[in-house]
There are 2 protein chains.
Amino acid sequence: MARRSDHSRAELEALILDEGHRQMAETGFARFSAREVAKRIGYSIGTLYNVFGSYDRLILAINTRTFQLWAAHLRARLAEDGEDRIKALVEGYFSFARGNPNLWMAIYDHRLPPGTPMPEEFAAQRAELTDIVIAEVAAALPADAREKAAGLARSLIATVHGHCLFALNGTFLLMGESDPFGAALQRVRDSMAAA
Amino acid sequence: MARRSDHSRAELEALILDEGHRQMAETGFARFSAREVAKRIGYSIGTLYNVFGSYDRLILAINTRTFQLWAAHLRARLAEDGEDRIKALVEGYFSFARGNPNLWMAIYDHRLPPGTPMPEEFAAQRAELTDIVIAEVAAALPADAREKAAGLARSLIATVHGHCLFALNGTFLLMGESDPFGAALQRVRDSMAAA
DNA sequence: GCTCGCAATTGATCACTGTTCAATAAAAAT
DNA sequence: ATTTTTATTGAACAGTGATCAATTGCGAGC
């Protein structure tokens, strides 16, 4: 199929990641197939396993890429709208998930085998996104409440996440909720005001 | 394997559901196997498909049972503690999920094929749980804010859900959050006070 | 009591999945 | 030109959900 010198190791890894990410975006986690990825880039399954070691590591790599795109999306939203930065964050959370539902859900659909710790690379990626929010929450809080920022930010992420998830998975539709974003933003405002 | 008269149709359905529910609790959605359920109750896969029609319908039936147990759990919590009913609700949400992580996550791990509407039976079950919360939120709100109860309740469910999910899937651990329940309850208090 | 028809039950079969690893092909080193 | 090292392969394995012709067993009618 593929010549040995067609791609270096790094190029091959990028090739698989590109196609895997594309396929995750198209089909979603439940229908994702490592075999199909291999087929589409013209390599065998064996090569894919040589490069990534296991299915879990491939998914982890794909989700890490999604996290990077998500963080960039949030930063772009923050940069383009200097006015209400908290609103920009909530809006960025929603718009990325809505624009990339399969990729976004794959982050939470995939779970490592029990006992397996999250590799450092991925953990760092998550921390980065959390830190963006912590910094903004701290800046928006009155000076005497700054020490609460980290804990509050984590809690607000969970709050927005719950709304975003219900918006994408159909729960809010079933409940008759028509403005998930508005509701999430209002909850965030409630708690920022209380702090 | 199994004699025809061993079980009536209704008994057989209950038998499959019992074993399926048990297995979902033990192994979780990702490792759940319809074949294994059939094997354990001494029937063939074919029979299981004759009774439930498809994998999706079996999972739906299992998840519906989980929803019933969950609603009962919430009602029990409300009944045993008359003091702070909102806290009892949040506590009931968390303790059911923590006590039955695989069953609880299966509700959200399973997604119907795109375009397939949720069968009425399951939709009604969800609505029941939502209605419990709406009633309690309405009762805890000042009389002049009652009309906001339904929308606020939906939003608070999403809020608590986000915290509960992050507690179970390890996100909060990664973030360094040690008291997800306390954080969820605080967010609910913030928004109840603001309403 | 026997037979026959109908409905419940079966499990081989299909097309797929992730995973492994001896065999092979190709490049590098000698 | 030959050997060594390395990348690549794909058949094989154990599993999955799904299907459906063939079988089995029950009960009604004779």
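Letters A, B, ... are given to chains in the order of the sequence lines, protein chains preceding strands, and every chain is numbered from 1.
Axis angle between the ends of the helix from dG1(C)-dC30(D) to dT30(C)-dA1(D), five pairs each and rounded to 10 degrees, works out to 30°.
Using a 4.0 Å cut-off, no side-chain N or O of S44(A) falls inside it from OP1 or OP2 of dG10(D).
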Per-pair distances, 0.1 Å, donor-acceptor, side chain in residues 128-146 of chain A, under 3.5 Å, sequence neighbours excluded:
residue: E128(A); atom: OE2; partner: R75(A); partner atom: NH2; Å: 2.3
residue: T130(A); atom: OG1; partner: R126(A); partner atom: O; Å: 3.1
residue: E136(A); atom: OE1; partner: R85(A); partner atom: NE; Å: 2.7
residue: E136(A); atom: OE2; partner: R85(A); partner atom: NE; Å: 3.4
residue: E136(A); atom: OE2; partner: R85(A); partner atom: NH2; Å: 2.9
residue: R146(A); atom: NE; partner: A138(A); partner atom: O; Å: 2.4
residue: R146(A); atom: NE; partner: L141(A); partner atom: O; Å: 3.3
residue: R146(A); atom: NH2; partner: L141(A); partner atom: O; Å: 3.1

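Salt-bridge formation is detected for the pair R40(B)/E36(B): a Lys NZ or Arg NE/NH1/NH2 atom is positioned less than 4.0 Å from an Asp or Glu carboxylate oxygen. We find that R65(B) and E19(B) are not joined by a salt bridge, their nearest charged nitrogen and carboxylate oxygen being 4.0 Å or further apart.
For the pair E13(B) CD and dT9(C) P, the interatomic distance rounds to 13 Å; values are reported in whole Å. Counting to the nearest Å, the C1' atom of dT9(C) and the CG atom of L12(B) are 10 Å from each other. Rounding to whole angstrom units, CZ of residue F52(A) and P of dA7(D) are separated by 15 Å. Rounded to whole Å, atom C1' of dT9(D) lies 17 Å from atom NE2 of H7(A). Rounded to whole angstrom, the span from the CG atom of L15(B) across to the C1' atom of dA8(C) amounts to 15 Å. Distance CD1 (I16(B)) to P (dA8(C)): 13 Å, rounded to an integer number of Å. As a whole-Å value, the separation of R57(A) CZ from dG18(C) C1' is 16 Å. Residue K39(A) contributes atom NZ, which lies 11 Å from atom P of dG18(C) at whole-angstrom precision.
No engagement by I59(A) is indicated, since no non-hydrogen atom pair under 4.0 Å with the nucleic acid exists. If you check every strand for non-hydrogen atoms under 4.0 Å, L58(B) touches nothing.
Ring pair F122(A)/F67(A): centre-to-centre distance below 6.0 Å.
Partner H161(B) forms a ring-ring contact (aromatic ring centres under 6.0 Å, His included) with one of W104(B), F94(B), F96(B) and no other, that one being W104(B).
Around the CD atom of E80(A), the shell of radius 6.0 Å holds more than 12 heavy atoms that belong to other residues, nucleotides or ligands.
Using a 4.5 Å heavy-atom threshold, the side chains of I62(B) and Q23(B) count as separate.
Residues R31(A) and N50(B) both approach DNA chain C. Their nearest nucleotides, taken by heavy-atom distance, put N50(B) toward the 5′ side.
In terms of heavy atoms, Y93(A) sits closest to L74(A) at N-CD2, 3.6 Å.
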Can you name the atoms? Protein N/O to nucleotides 17-19 of chain D N/O, anything below 3.5 Å, with the distance.
residue: dG17(D); atom: OP1; partner: A34(B); partner atom: N; Å: 3.1
residue: dG17(D); atom: OP2; partner: A34(B); partner atom: N; Å: 3.4
residue: dG17(D); atom: N7; partner: R35(B); partner atom: NH1; Å: 2.3
residue: dG17(D); atom: O6; partner: R35(B); partner atom: NH1; Å: 3.2
residue: dA18(D); atom: OP2; partner: Y49(B); partner atom: OH; Å: 2.2
residue: dA18(D); atom: OP2; partner: Y55(B); partner atom: N; Å: 2.7
residue: dA18(D); atom: O5'; partner: Y49(B); partner atom: OH; Å: 3.1
residue: dA18(D); atom: N6; partner: R35(B); partner atom: NH2; Å: 3.0

Exercise for review: In sequence, state the C-alpha distance, the side-chain angles, and the governing distance for D190(A) and R187(B), and then conclude on salt bridge (charged side-chain N to carboxylate O under 4.0 Å, His left out).
Suggested key: CA-CA 8 Å; D190(A) 292 346; R187(B) 297 292 79 69; over 6 Å; no

